[in-house]
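All remarks here apply to the structure that follows.
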Amino acid sequence: MVKICCIGAGYVGGPTMAVIAIKCPAIEVVVVDISKPRIDAWNSDTLPIYEPGLDDVVKACRGKNLFFSTDVEKHVAEADIIFVSVNTPTKTRGLGAGKAADLTYWESAARMIADVSKSDKIVVEKSTVPVKTAEAIEKILTHNSKGINYQILSNPEFLAEGTAIEDLFKPDRVLIGGRETPGGQKAVQALKEVYAHWVPEENIITTNLWSAELSKLAANAFLAQRISSVNAMSALCEATGANVSEVSYAIGKDSRIGPKFLNASVGFGGSCFQKDILNLVYICECNGLPEVANYWKQVIKINDYQKSRFVNRVVSSMFNTVSGKKIAVLGFAFKKDTGDTRETPAIDVCKGLVGDKAQVSIYDPQVTEDQIQRDLAMNKFDWDHPMHLQPTSPTAVKQKLDYQKIFDNMQKPAFVFDGRNVVDAEKLREIGFIVYSIGKPLDGWLKDMPAVA
Ligand SMILES: NC(=O)C1=CN([C@@H]2O[C@H](COP(=O)(O)OP(=O)(O)OC[C@H]3O[C@@H](n4cnc5c(N)ncnc54)[C@H](O)[C@@H]3O)[C@@H](O)[C@H]2O)C=CC1
Ligand SMILES: O=C(O)[C@H]1O[C@H](OP(=O)(O)OP(=O)(O)OC[C@H]2O[C@@H](n3ccc(=O)[nH]c3=O)[C@H](O)[C@@H]2O)[C@H](O)[C@@H](O)[C@@H]1O
């Protein structure tokens, strides 16, 4: 029986391994982590992360061929294939602080693999890492190899939170990079066979190691760039009377552009887009490519601009001050169907409003009060140092808001600021609200109260 061990039971390690286990009943999959609370939660009825469909997959194979354990060394020693899916946050201090990826967790996992292994291993980079990380890992593993053969593969993950199970069941592609040696190619084949249990062969792409590592950073950079592009357009729409949804639809009809990922928003969030672009910027700088670095930096700058533009719009609409005013924030996670708050734009928006002394009340059905308090107290880039444990008691209750009742209870004029373009603005205007929707023609009131970013 092939044995797989995955180091890191987070948003990637947990769902990815659960799907491998359910699709490959003949493979034993053990997910290990140094965090006991996280492993305990994976072994309980309340999983440590909320992800639609995840519960069913875990329950179907846990205890059969899927296991969660803190006995990291034992399971690493026994495995044939080791996935490393630990966090790779942005460095907070030292060389490359605020940009480079912090590989501390990765390095300690690699050293532990080197220490405990007694048989040949395929080590798979699942975490998103800088290009050439495999070379560094190879050095650590082979330095004291005691005759053990290690093959390093890059197999980046492309799942998005909120749709992880769907994405894993039907990935657009699986990417596997390996050394172009007979040993490297044999390892690529072994991993390909795992995915071939459910992914059509033509969707499994194999490349050299560096292409696979770079493709992951490039994919996230391109995706984030689309959002910054449409968000940049949203500002121009507001200034000109164009409607960003109509513009997105019109350009998305061009098959070369495509319709997906063109929703204007208060800005992108999540643990990866910003981190991975900063990492890409740092790699470009280290390779003497400042023009390329500056090109990608703009994606982050527009994202920051969009968040502060939103806060300024709120403040300027209310006579340039929100001091003492009651503001309800609905939704705090970085997107729907997740409880993950890492780098959520809501943090910047709430901090901006609180900075102007607003009285802010925050609600998200998937995020606990404790988590929100911690997030708002944290410094930039600290959110992934140490581990960011998710709330274990989210409610799945979907509540319908009674906007008429809300309006009746509010001081007038009553405002709604929609950072996601999800409310029915016309209906709310009929009730009497002044509504701001990103990138949409402005209400008369808002036109008279120009916001400066
Ligand atoms: N969250 C996402 O949607 C995606 C994340 N990624 C990448 O996957 C990687 C992991 O991300 P997440 O799962 O979100 O992180 P996470 O923070 O949720 O999980 C990482 C886990 O690794 C554990 N860990 C750290 N060092 C360890 C060690 N030495 N031994 C055992 N366990 C250790 C931590 O305790 C933590 O539970 C990152 O590189 C990220 O960029 C890639 C695609 C999607
Ligand atoms: O490397 C990663 O971590 C992952 O990053 C993203 O996935 P994720 O961040 O989970 O979620 P997305 O759906 O990409 O959303 C990211 C942010 O962009 C925002 N967004 C997305 C789409 C859009 O049109 N507009 C927009 O503002 C979302 O609200 C959210 O804040 C990528 O989509 C995944 O392919 C990748 O594997």
Side-chain angles (χ1 to χ4, degrees), residues 5-16 31-39 41-42 48-49 51 69-70 72-73 75-76 83-90 101-113 125-130 133 155-164 167-168 171-172 216-217 219-224 226-231 234 248 252 259-277 279 303 306 331 333-338 340-346 383-390 419-422 438:
C5 175
C6 174
I7 306 177
Y11 284 87
V12 169
T16 313
V31 191
V32 296
D33 204 293
I34 41 174
S35 162
K36 189 170 181 309
R38 212 166 229 204
I39 290 298
W42 280 110
I49 61 175
E51 198 58 68
S69 167
T70 48
V72 181
E73 300 188 355
H75 294 291
V76 165
F83 285 81
V84 185
S85 186
V86 300
N87 31 339
T88 50
T90 306
D102 183 344
L103 293 179
T104 316
Y105 304 97
W106 232 107
E107 189 181 332
S108 82
R111 287 189 190 284
M112 184 268 300
I113 297 171
E125 290 176 346
K126 200 46 156 168
S127 307
T128 303
V129 289
T133 298
N155 171 222
E157 184 48 58
F158 296 102
L159 69 79
E161 288 178 30
T163 52
D167 295 342
L168 288 164
D172 284 348
K216 174 62 196 177
L217 296 179
N220 274 359
F222 271 59
L223 288 168
R226 261 174 99 85
I227 303 170
S228 279
S229 297
V230 77
N231 282 345
S234 76
S248 290
K260 293 183 185 166
F261 240 71
L262 285 177
N263 293 319
S265 65
V266 60
F268 59 75
S271 60
C272 293
F273 279 173
Q274 173 169 293
K275 149 178 100 65
D276 293 347
I277 293 177
N279 183 6
N303 201 46
Q306 188 75 346
F334 81 99
K335 63 185 279 198
K336 72 169 184 178
D337 281 335
T338 178
D340 194 351
T341 58
R342 292 179 291 182
E343 286 294 330
T344 173
W383 46 268
D384 223 3
H385 300 263
M387 276 147 317
H388 181 104
L389 265 186
Q390 283 310 298
R420 294 273 176 205
N421 286 343
V422 287
I438 292 207

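Quick caveat, the model's predicted, so the values are computed rather than measured. Each ligand, and each atom within it, is numbered from 1 in the order the structure gives.
Taking a 4.0 Å cut-off on heavy atoms, Gly270 fails to register as neighbouring ligand 2. Heavy-atom separations between Leu159 and ligand 1 include at least one value shorter than 4.0 Å. Ligand 2 lies within reach of Leu262, whose nearest heavy atom is under 4.0 Å from it. Ligand 2 lies nowhere less than 4.0 angstrom from a heavy atom belonging to Lys336.
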Exercise for the section: Report the C-alpha separation of Ile7 and Lys126 in whole Å, then their side-chain angles, then the decisive distance to 0.1 Å, and conclude whether the side chain to side chain contact (heavy atoms under 4.5 Å, CB included) test is met. Expected result: CA-CA 10 Å; Ile7 306 177; Lys126 200 46 156 168; over 6 Å; no
Practice task
Give the C-alpha distance, both sets of side-chain angles, the deciding distance and a yes or no for side chain to side chain contact (heavy atoms under 4.5 Å, CB included) between Ser228 and Phe268.
Solution key: CA-CA 8 Å; Ser228 279; Phe268 59 75; 3.7 Å; yes
Practice task
Evaluate the side chain to side chain contact (heavy atoms under 4.5 Å, CB included) criterion for residues Phe273 and Ile227: first the C-alpha distance (whole Å), next the side-chain angles of each, then the deciding distance (0.1 Å), finally the verdict.
Solution key: CA-CA 11 Å; Phe273 279 173; Ile227 303 170; 3.9 Å; yes
Exercise for the section: Just do the side chain to side chain contact (heavy atoms under 4.5 Å, CB included) check on Tyr11 and Leu159 with the steps written out, would you? Expected result: CA-CA 10 Å; Tyr11 284 87; Leu159 69 79; 5.9 Å; no
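The proximity of Arg342 to ligand 1, defined as any non-hydrogen pair under 4.0 Å, is limited to the side chain. Residue Asn263 touches ligand 2 through backbone and side chain together, judged by heavy-atom distances below 4.0 Å. For Lys216, every heavy-atom contact with ligand 1 shorter than 4.0 Å involves the side chain, none the backbone. When non-hydrogen atoms are compared, ligand 2 lies under 4.0 Å from neither the backbone nor the side chain of Arg226. Using a 4.0 Å cut-off between heavy atoms, Lys260 makes no contact with ligand 2 at all. Under 4.0 Å from ligand 1, heavy atoms of Ser127 appear from its side chain as well as its backbone.
On a distance-only criterion, Leu159 and ligand 2 share at least one N/O pair closer than 3.5 Å. Residue Lys335 places at least one N or O, backbone or side chain, under 3.5 Å from an N or O of ligand 2. Residue-to-ligand polar distances place Phe334 within reach of ligand 2: an N/O pair is separated by less than 3.5 Å. The N/O atoms of Glu161, backbone and side chain alike, include one that comes under 3.5 Å of an N/O atom in ligand 1. Between Ala160 and ligand 1, no pair of N/O atoms sits closer than 3.5 Å. For a threshold of 3.5 Å applied to N or O pairs, the pair formed by Ser35 and ligand 1 contains no separation below that value. An N or O contact shorter than 3.5 Å links Lys275 to ligand 1 by distance. Not a single N or O atom of Leu223, backbone or side chain, sits closer than 3.5 Å to an N or O atom of ligand 2.
Of all non-hydrogen atoms in Trp42 and Gly10, the two that sit nearest each other are CZ2-O, 3.8 Å. Ala160 and Glu51 get closest at one heavy-atom pair: O-OE2, 4.4 Å. Of all heavy-atom pairs spanning Cys6 and Gly13, the tightest one is SG-CA, 3.8 Å. Taking every heavy atom of both residues into account, Asp33 and Arg38 meet most closely at OD2-CD, 4.3 Å. Scanning both residues, Gly270 and Glu343, for their nearest heavy atoms gives O-CB, 3.1 Å. Of all heavy-atom pairs spanning Thr341 and Ala333, the tightest one is CG2-CA, 4.1 Å.
Residues Val84 and Trp106 are in side-chain contact: their nearest non-hydrogen atoms beyond the backbone lie under 4.5 Å apart. When side chains are defined from C-beta on, Arg226 counts as touching Leu262, because their heavy atoms get closer than 4.5 Å.
Of all protein heavy atoms, the one lying nearest to atom 14 (O) of ligand 2 is Phe261 CZ, 3.1 Å. With respect to atom 6 (C) of ligand 2, the closest heavy atom belonging to the protein is Phe273 CE2, 3.4 Å. Protein heavy atom at the shortest distance from atom 21 (C) of ligand 2 is Ile227 CD1, 3.5 Å. Nearest protein heavy-atom contact of atom 35 (O) of ligand 2 is Phe158 O, 2.7 Å. Protein heavy atom in closest approach to atom 10 (O) of ligand 2: Glu161 N, 2.8 Å. Of the protein's non-hydrogen atoms, the one nearest atom 28 (C) of ligand 2 is Arg420 NH1, 3.9 Å.
Against a heavy-atom cut-off of under 4.0 Å, Asn220 is close to the following atoms of ligand 2: 1 (O), 2 (C), 5 (O), 32 (C), 36 (C). Within ligand 2, counting atoms from 1 as listed, the ones closer than 4.0 Å to a heavy atom of Ser265 are 26 (C), 27 (O). Close approach of ligand 2 to Cys272 (heavy-atom distance below 4.0 Å) involves ligand atoms 1 (O), 2 (C), 3 (O). Annotation for ligand 2: atoms under 4.0 Å from non-hydrogen atoms of Lys216 are 1 (O), 2 (C), 36 (C), 37 (O). Close approach to Tyr105 involves these atoms of ligand 1, each under 4.0 Å from a residue heavy atom: 25 (C), 26 (N), 29 (N). When each atom of ligand 1 is checked for a heavy atom of Ser108 under 4.0 Å away, the hits are 29 (N). Below 4.0 Å from some heavy atom of Gly10 lie the following atoms of ligand 1, by number and element: 13 (O), 16 (P), 18 (O), 19 (O). Near Ser85, meaning under 4.0 Å from any of its heavy atoms, are these atoms of ligand 1: 10 (C), 20 (C). Ligand-side atoms of ligand 2 in range of Glu157: 37 (O), range being under 4.0 angstrom from any heavy atom.
The nearest non-hydrogen atom to atom 43 (C) of ligand 1, considering only Glu157, Arg38, Glu107, comes from Glu157. Considering Val86, Thr16, Asn87, Thr88 only, the shortest heavy-atom separation from atom 9 (C) of ligand 1 involves Val86. Looking at Val129, Ile7, Asp33 and measuring to atom 35 (O) of ligand 1, the nearest heavy atom belongs to Asp33.
Each of Asn421, Ile438, Asn231, Val230 was scored for a side-chain contact (heavy atoms from CB on, under 4.5 Å) with Ser265, with one residue passing: Asn231. Glu161 pairs with exactly one of Arg342, Lys335, Lys336 by the salt bridge (charged side-chain N to carboxylate O under 4.0 Å, His left out) rule, that one being Arg342. Of the residues listed (Val12, Val31, Thr16), the one engaging Ser85 in a side-chain contact (heavy atoms from CB on, under 4.5 Å) is Val12, and it is the only one.
Asn220 contributes no side-chain N or O that, together with a main-chain N or O of Asp276, makes up a donor-acceptor pair within less than 3.5 Å. Of the possible polar contacts, one joining the Thr88 side chain to the Thr128 backbone as a donor-acceptor pair under 3.5 Å is found. Judged by distance alone, the side chain of Thr90 and the main-chain N or O of Ala101 form no donor-acceptor pair under 3.5 Å. With Asn87 contributing its side chain and Pro89 its backbone, the two residues share no donor-acceptor pair below 3.5 Å. When atom types are taken as modelled, the side chain of Ser127 and the backbone of Val129 share no donor-acceptor pair closer than 3.5 angstrom.
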